[in-house]
Amino acid sequence: METGTIPLASLSGGLDLYRTLESGQSYLWRRADGEMYQSEPDPGTWYHTVVDDEVIRVRTLEDCLEWQSWTDAETQVRRLLRLDDDLEAIVATAPDDPLLREAYDAHRGMRLVADPPFGTLISFICSAQMRVSRIHTMVSTLAREYGTALEFDGETYHAFPTPEQLATATEDELRELGLGYRAPYVVRTAEMVANGEAHPAEARNLEYEAAREYLCQFVGVGDKVADCVLLFALDFDEAVPLDTWIKSAIEEYYPDCDGGSYATTSRAIRDRLGSEYAGYAQTYIFHHLRTGSGE
DNA sequence: GACCAGGTAGCAA
DNA sequence: TTGCTACATGGT
């Protein structure tokens with residue numbers, strides 16, 4: 001087993017692992033104590049994920065981020081948690097907006113994630129009309145039932161299923177597992193990727209709005225889910241998912257940005273939240289409002 | 001026992 | 001294009 005540490009002082013803007021992994025951006029990490037979304041973890045609690053059949057564990061200690069894996073995973077960890085983002089600069093150059101300032105101040109150190117595209121796609125197909133904690137449960141269930149089991153340091157971990165593995169699932173099976181009406185969406189999207197019809201990673205090469213359109217070809221994916229995949233897996237930092245929380249924020253704080261359709265509202269709110277890093281702003285506002293931190 | 005949750009597909013006007 | 005409505009399920 002390899003292990004290593006990254007000094008927190010070396011990260012611009014710091015790192016809040018808890019808020020980064022439990023703010024509803026990523027559903028592909030789990031917490032060693034199994035209490036995600038219940039309470040804040042004790043200091044030093046491990047989180048783990050599986051990427052390319054390698055288990056990766058991370059935790060924050062007093063002054064560093066510690067990681068463990070079979071091989072040197074520092075590059076991967078830096079990528080997954082976007083440790084090289086200049087968070088201080090992103091916050092400093094954000095639009096001077098009261099709500100955004102409040103959100104950035106309240107959750108200092110929260111970073112965007114860069115998760116694998118397929119798992120992110122399926123996660124957010126499952127997210128429709130669903131609470132954050134339940135989305136996490138559904139994704140964990142899919143991993144347990146269809147993903148590759150891996151032994152690491154005496155424990156068993158499950159990778160999120162590959163498109164091929166998930167395409168073997170039937171709609172009835174997924175309904176049994178509690179996915180409800182999302183079951184056929186997951187199966188059909190997994191089949192589309194498995195048979196080579198399309199792949200979410202392909203969107204990376206497109207211009208933003210074309211990329212969003214591309215992702216909408218998957219079953220169960222509309223503009224909002226597409227934006228989540230672009231933001232949390234494909235490095236489109238300008239993507240602003242228009243979910244229930246951000247819509248209520250628009251209604252209350254940015255009413256002039258409501259252009260009626262998703263496309264026009266999207267352009268207006270991206271512009272208002274700073275274009276280049278509008279997605280960062282959205283993620284902070286989402287978390288701030290959803291957790292009621294401002295009250 | 002309503003009401004709600006990081007919405008989308010399908011269909012009508 | 002825009003505007004309904006049905007869709008599963010578990011928690012409060």
Side-chain angles (χ1 to χ4, degrees), chain A residues 19-29 35-39 103 107 110 112-113 115 119-142 145 169-192 200 209 212-234 236 239-252 258-267 269-270 273 278-293:
Chain A
R19 286 187 172 80
T20 299
L21 297 181
E22 300 196 41
S23 54
Q25 320 173 49
S26 175
Y27 298 95
L28 301 173
W29 289 82
E35 299 290 308
M36 271 179 103
Y37 305 109
Q38 314 291 313
S39 58
H107 312 290
M110 182 170 80
L112 283 181
V113 295
D115 275 333
T120 305
L121 180 66
I122 299 299
S123 296
F124 283 94
I125 287 173
C126 291
S127 77
Q129 293 294 102
M130 203 45 61
R131 266 174 241 273
V132 163
S133 60
R134 276 202 66 208
I135 301 165
H136 189 261
T137 302
M138 291 162 100
V139 173
S140 299
T141 300
L142 290 177
E145 296 295 321
T170 65
E171 177 181 335
D172 285 347
E173 284 173 4
L174 297 190
R175 283 182 186 272
E176 285 292 312
L177 295 174
L179 294 220
Y181 63 82
R182 304 154 197 78
Y185 301 164
V186 168
V187 174
R188 290 171 64 189
T189 289
E191 287 170 348
M192 287 176 72
E209 290 195 358
R212 199 174 66 197
E213 275 306 298
Y214 178 87
L215 292 178
C216 285
Q217 75 183 287
F218 294 106
V219 184
V221 178
D223 289 317
K224 185 271 168 185
V225 167
D227 268 329
C228 288
V229 176
L230 293 176
L231 183 60
F232 304 134
L234 298 175
F236 283 84
V240 174
L242 301 182
D243 59 78
T244 51
W245 289 99
I246 207 70
K247 280 178 181 169
S248 71
I250 289 172
E251 197 176 331
E252 188 169 349
D258 186 356
S261 74
Y262 191 100
T264 53
T265 304
S266 169
R267 290 187 197 114
I269 194 68
R270 273 183 277 143
L273 296 179
Y280 242 106
Q282 189 274 1
T283 299
Y284 270 80
I285 290 173
F286 170 83
H287 182 66
H288 192 58
L289 296 178
R290 192 180 73 82
T291 57
S293 311

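Letters A, B, ... mirror the listed sequences (proteins, then strands); counts begin at 1.
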Between A/Arg188 and A/Ser23, the residue closer to the 5' end of DNA chain B by nearest nucleotide is A/Ser23
For A/Gly220 and A/Ile125, the nearest pair of non-hydrogen atoms, with its separation, is O-CG1, 3.9 Å
Take atom CZ in A/Arg290; do more than 12 heavy atoms of anything else shown fall under 6.0 Å from it? yes
Applied to residues 130-142 of chain A, the side-chain hydrogen bond (donor to acceptor under 3.5 Å, both in side chains) test, sequence neighbours excluded, yields none
Residues passing the ring pair (Phe, Tyr, Trp, His ring centres under 6.0 Å) test with A/His107, sequence neighbours excluded, are A/His287, A/His288
Heavy-atom neighbours of A/Gln38 CD exceed 12 at 6.0 Å: yes
**Min side-chain heavy-atom separation A/Val240-A/Ser266 under 4.5 Å** = no
Protein heavy-atom contacts under 4.0 Å, written 5' to 3' over nucleotides 5-11 of chain C as B (base), S (sugar-phosphate only) or - (none), form the string --BBBBB
Across all chains, not counting sequence neighbours, the side chain to side chain contact (heavy atoms under 4.5 Å, CB included) partners of A/Gln129 are A/Tyr181, A/Arg182
| Inter-nucleotide P distance (C/dA8, B/dG1), Å rounded | 22 Å
Close N/O contacts between protein and nucleotides 2-4 of chain C (under 3.5 Å):
none

Taken in chain and number order and not counting sequence neighbours, the residues that satisfy side chain to side chain contact (heavy atoms under 4.5 Å, CB included) with A/Arg267 are A/Glu209, A/Ala263, A/Thr264, A/Arg270
Those residues at least two apart in sequence (or on a different chain) that pass ring pair (Phe, Tyr, Trp, His ring centres under 6.0 Å) with A/Phe124 are A/Tyr27, A/Phe232
Atom CZ of A/Phe124 and atom P of B/dA5 are separated, to the nearest Å, by 16 Å
Contacts of A/Glu213 meeting side chain to side chain contact (heavy atoms under 4.5 Å, CB included) (sequence neighbours excluded), chain-then-number -> A/Asp223
The side chain to side chain contact (heavy atoms under 4.5 Å, CB included) partners of A/Asp258 (sequence neighbours excluded) come to A/Ile250, A/Thr265
Atom pairs, N/O to N/O, protein against nucleotides 11-13 of chain B, distance under 3.5 Å?
none

Here the distance between atom P of B/dG7 and atom CG of A/Leu121, to the nearest Å, is 16 Å
Sorted by number, residues from residues 215-229 of chain A placing a heavy atom under 4.0 Å from DNA chain B are A/Phe218, A/Val219, A/Gly220, A/Val221, A/Gly222, A/Asp223, A/Lys224, A/Val225
Sorted by chain and residue number, the ring pair (Phe, Tyr, Trp, His ring centres under 6.0 Å) partners of A/Tyr284 (sequence neighbours excluded) come out as A/Tyr104
Are the side chains of A/Arg175 and A/Glu171 in contact, using a 4.5 Å heavy-atom criterion?
yes
